[in-house]
Number of protein chains: 2
Amino acid sequence: MSNNRQPATIYQVAAQAGVSIATVSRALNGSDTVAESTRKRVLIAVKELKFRPSRLGQSLAEGRHAANGIVFPDLSGPYYAEVVLGYEEVAAELGSSVLILSTHGRPDPAGKVMDLARRVDGMVVISRTVADTVIAQVTEIGIPVVLLARPAVGSCDTLNADNVDSAHDLVGHLVEHGYERFGFLGDPAGSPDVHARYEAFRAALRAAGRRSPRAPLRCDFDVESGRRAAARALRRPARPEVLVCGNDETALGALEAAKELDLSVPEDVVITGWDDVMAARYAGLTTVRQPMRELGATAARWLQERIAGNAGPVRRETLATQLIVRSSCGVHDHKT
Amino acid sequence: MSNNRQPATIYQVAAQAGVSIATVSRALNGSDTVAESTRKRVLIAVKELKFRPSRLGQSLAEGRHAANGIVFPDLSGPYYAEVVLGYEEVAAELGSSVLILSTHGRPDPAGKVMDLARRVDGMVVISRTVADTVIAQVTEIGIPVVLLARPAVGSCDTLNADNVDSAHDLVGHLVEHGYERFGFLGDPAGSPDVHARYEAFRAALRAAGRRSPRAPLRCDFDVESGRRAAARALRRPARPEVLVCGNDETALGALEAAKELDLSVPEDVVITGWDDVMAARYAGLTTVRQPMRELGATAARWLQERIAGNAGPVRRETLATQLIVRSSCGVHDHKT
DNA sequence: ACATATGACGTAAGCGCTTACATGGTCTGG
DNA sequence: CCAGACCATGTAAGCGCTTACGTCATATGT
């Protein structure tokens, strides 16, 4: 009946139903012993007043946010978007809201992360979005942190996609083709994943008895940056036969550079990526597929367990990846 | 000195600094008149105890969450991811945390949205993720809502990307090529944008004096769905010369279907998309570019204003889009 | 019929902050 | 030398819930 502008509180419901607020709370939260007739009266009052319990009041009383956060560099590429989606799906199932925080190109990521820490019961941190010290500070507050695609810090659970096996598969495949001169495109210092990929790539090359590659051709993660770096490399007198790129965006840029220089792929130069984003398929890019959703989903589950108080041993796992061979690394009988 | 497990409260800081909690609050929130010496003492205590004010306590007292939400169908395609990113960036600048909610394929989206409404000061709802009645319920609670890529509801601010002008441009371009038999791929009932695109497409065709297309070839938004629907259409005896697709994913599927049927694009069949996702570029797809980030950013600003209490007139705006001509719609002199 | 167990509900103490108002001390001017 | 003004700070009342504990009436057993 009453149509106030402000949302109703539990007190108004209690008054309307002629009971105490404790009873309202009990009636609403199912549990406890409430007479059926009373519960009905309460529910009617709730409906009439359009009452919805304030999350703040609840959280404060319960001592938990029922929310957790995820920190990522960016959402532009399909990679993080998929991870976030996998994460959000599981978190939602588990009854937690999800707060997001993107750090790339933003001022004061550390401060933002500390801020986030005050609003959540736990959080997932992807890649090297913030310094180790920040992670430490967050866990010190008592907020569980799960690390994703990032080297371990302290005693946080850490989840990664495999870079080593796939690098070996990739190099093995390329070596079968008979290539000799390899180059690596991407900045190992820019992301833990790229770093791991570069190291694994070198190791695999060594294991295959190939010459060590030059220093990596450093560039950012975007297409344009990859294009420029690749163009530089491909103009050199002794240009590499193969350009292994740290991620797909970079590789797509390299494909463009090759085209501009009238080099055909894979005849004149072979190019491979990493991640298997959607565009990779249309560009015919040989790459490594990551279980992106699975990464997010697993992180969400681990986090939930820590929040629930699971004090088990620290988890460090690596999810398997898959080499996807397309046309950019040489001619095959495959289609697609 | 003291190293407790639980995070410190304002009481402990007050005790340690020898002042009342009111003074601590004042010292921390800058404003009020606090003697410099006192402030210093407080800050020292804060540092020693590693105090961080509880967001819950603050929010409850302030009566605001300092957070807002964004509801979208999915994060798989680049489209929503970009919108969300644009949104998050501005929201962060404005000091709000961002809660996300993805609805596609999830149980009880309406309930989830109502839940979200209890945790935020306002929210953005993209596309037809929930029914109009749910939007109405949310606004009734007093939570401002900004609608994105969705028909207006009640007196919510509503932001859209243009579909009409771009449809005219697109059809105009295709008509110049001399094509006659047009088909539309996508489900107008599936999304407000696709609906608007279909209608505008038909209108443009009529305006150009072309035959009306058949009923749309209904399919979902993903590549696979587009492939199947396109395959069906392209096998018909009088197959369309042009397949205008409601979004890029669908169009990419159509490209695949054409390939499988050994039809070459654009010679045998012309295919166009909508959105200009990254893969579109590599697939040579003619499409319509949307200002995705700008959509998100603008929505965030509008929302903030409403939350701040701006009671101005309802806003309804349409952002301009741009026709991107590539190879899939015919041969041009262009590159890329 | 009486002590006791049981069920249904109310009371009140938090949860951790912000802020209106009250208090007391120090200055200022006449 | 004192009233009034002004600072710096304390007091306490919320904000909207949950929940341990207390209370009262009715049902149970002998």
Side-chain angles (χ1 to χ4, degrees), chain A residues 4-43 45-46 49-67 115 117-121 141-143, chain B residues 4-43 45-46 49-67 115 117-121 141-143:
Chain A
N4 19 350
R5 185 88 221 96
Q6 292 309 314
T9 75
I10 199 173
Y11 287 93
Q12 302 173 32
V13 175
Q16 175 114 347
V19 297
S20 75
I21 60 166
T23 301
V24 174
S25 177
R26 284 189 284 247
L28 257 38
N29 298 337
S31 56
D32 273 289
T33 50
V34 179
E36 201 45 45
S37 63
T38 312
R39 180 191 310 275
K40 215 162 283 176
R41 250 184 313 141
V42 169
L43 292 182
V46 164
L49 296 171
K50 299 191 173 123
F51 171 70
R52 314 226 105 210
S54 147
R55 236 299 143 200
L56 288 174
Q58 274 181 307
S59 290
L60 192 56
E62 290 176 354
R64 63 183 212 117
H65 296 268
D115 233 62
R118 296 177 8 190
R119 318 182 138 267
V120 297
D121 300 318
I141 298 183
I143 305 287
Chain B
N4 20 348
R5 185 89 219 98
Q6 293 309 316
T9 74
I10 199 173
Y11 288 93
Q12 302 173 32
V13 175
Q16 175 114 351
V19 298
S20 75
I21 60 166
T23 301
V24 174
S25 176
R26 284 189 282 249
L28 257 39
N29 298 338
S31 56
D32 273 287
T33 50
V34 177
E36 201 45 46
S37 62
T38 312
R39 180 191 308 276
K40 215 162 280 176
R41 250 184 314 139
V42 170
L43 292 182
V46 164
L49 295 171
K50 299 192 169 122
F51 171 71
R52 315 225 104 212
S54 148
R55 237 298 142 200
L56 288 175
Q58 274 180 307
S59 290
L60 192 56
E62 290 175 352
R64 61 183 213 117
H65 296 266
D115 233 63
R118 297 178 9 194
R119 318 183 138 267
V120 298
D121 300 319
I141 298 183
I143 305 287

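We name chains A, B, ... by the order of the sequence lines, and we start the count at 1 in each one.
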- Query: D/dA8, D/dG16, C/dC17: which one has an atom nearest the side-chain heavy atoms of B/Thr9?
  - Reply: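 Nearest listed nucleotide: C/dC17.
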* Asked: Between D/dT18, C/dC9, D/dG14, which nucleotide gets closest to the side-chain atoms of B/Ala61?
  ->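 Taking heavy atoms from C-beta onward, the closest nucleotide is D/dG14.
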Nearest nucleotide by nearest heavy atom, which residue falls closer to the 5' end of DNA chain C, A/Ala35 or A/Glu62?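 On the 5' side of the pair lies A/Ala35.
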Could you say whether A/Ser20 or B/Ile10 is positioned toward the 5' end of DNA chain C, judged by the nucleotide with the nearest heavy atom to each?
->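 Between the two, 5'-proximity favours A/Ser20.
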Side-chain contact test, heavy atoms from C-beta onward, threshold under 4.5 Å: evaluate it for [X] versus [Y] and give yes or no.
{"X": "A/Val19", "Y": "A/Val24", "result": "yes"}
{"X": "B/Ser20", "Y": "B/Thr23", "result": "yes"}
{"X": "B/His65", "Y": "B/Val120", "result": "no"}
{"X": "A/Arg118", "Y": "B/Ser54", "result": "no"}

Report yes or no: is there a donor-acceptor pair, N or O only, under 3.5 Å between the side chain of [X] and the base of [N]?
{"X": "B/Arg118", "N": "D/dG16", "value": "no"}
{"X": "A/Tyr11", "N": "D/dC15", "value": "no"}
{"X": "B/Arg52", "N": "C/dG16", "value": "no"}

Quiz item: What nucleic acid atoms does B/Ser25 come within less than 4.0 Å of, heavy atoms only: base, sugar-phosphate, or nothing?
Solution: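 The residue B/Ser25 makes base contact.
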Would you kindly give the [atom1]-to-[atom2] distance between [X] and [N], to the nearest whole Å?
{"X": "B/Arg26", "N": "D/dC7", "atom1": "CZ", "atom2": "C1'", "answer": "11 Å"}
{"X": "B/Arg39", "N": "D/dA8", "atom1": "CZ", "atom2": "P", "answer": "10 Å"}
{"X": "A/Arg64", "N": "D/dT18", "atom1": "CZ", "atom2": "P", "answer": "11 Å"}
{"X": "A/His65", "N": "C/dC17", "atom1": "NE2", "atom2": "P", "answer": "11 Å"}
{"X": "B/Glu36", "N": "D/dT9", "atom1": "CD", "atom2": "P", "answer": "10 Å"}
{"X": "B/Asn29", "N": "C/dC17", "atom1": "CG", "atom2": "C1'", "answer": "9 Å"}
{"X": "A/Leu28", "N": "D/dG16", "atom1": "CG", "atom2": "P", "answer": "16 Å"}
{"X": "A/Arg55", "N": "C/dC15", "atom1": "CZ", "atom2": "C1'", "answer": "14 Å"}

Using OP1 and OP2 only, check whether a side-chain N or O of B/Gln58 sits under 4.0 Å from C/dT18.
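Yes.
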ask   = Can you find a side chain N or O atom of B/Thr38 that sits less than 4.0 Å from OP1 or OP2 on D/dT9?
value =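 Looking at the OP1 and OP2 atoms of D/dT9, one of them is under 4.0 Å from a side-chain N or O of B/Thr38.
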ask   = Relative to the 5' end of DNA chain D, which residue comes earlier, B/Ile21 or A/Leu56, by the nucleotide with the nearest heavy atom?
value =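 Final value for this comparison: B/Ile21.
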task: Could you check A/Ala22 against A/Leu60 and say which one's nearest nucleotide on DNA chain D is further toward the 5' end?
output: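 It is A/Leu60, whose closest nucleotide lies nearer the 5' terminus.
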Check your understanding: Would A/Arg41 and A/Gln16 satisfy side-chain hydrogen bond (donor to acceptor under 3.5 Å, both in side chains), going step by step from the backbone distance to the final call?
Key -> CA-CA 9 Å; A/Arg41 250 184 313 141; A/Gln16 175 114 347; over 6 Å; no
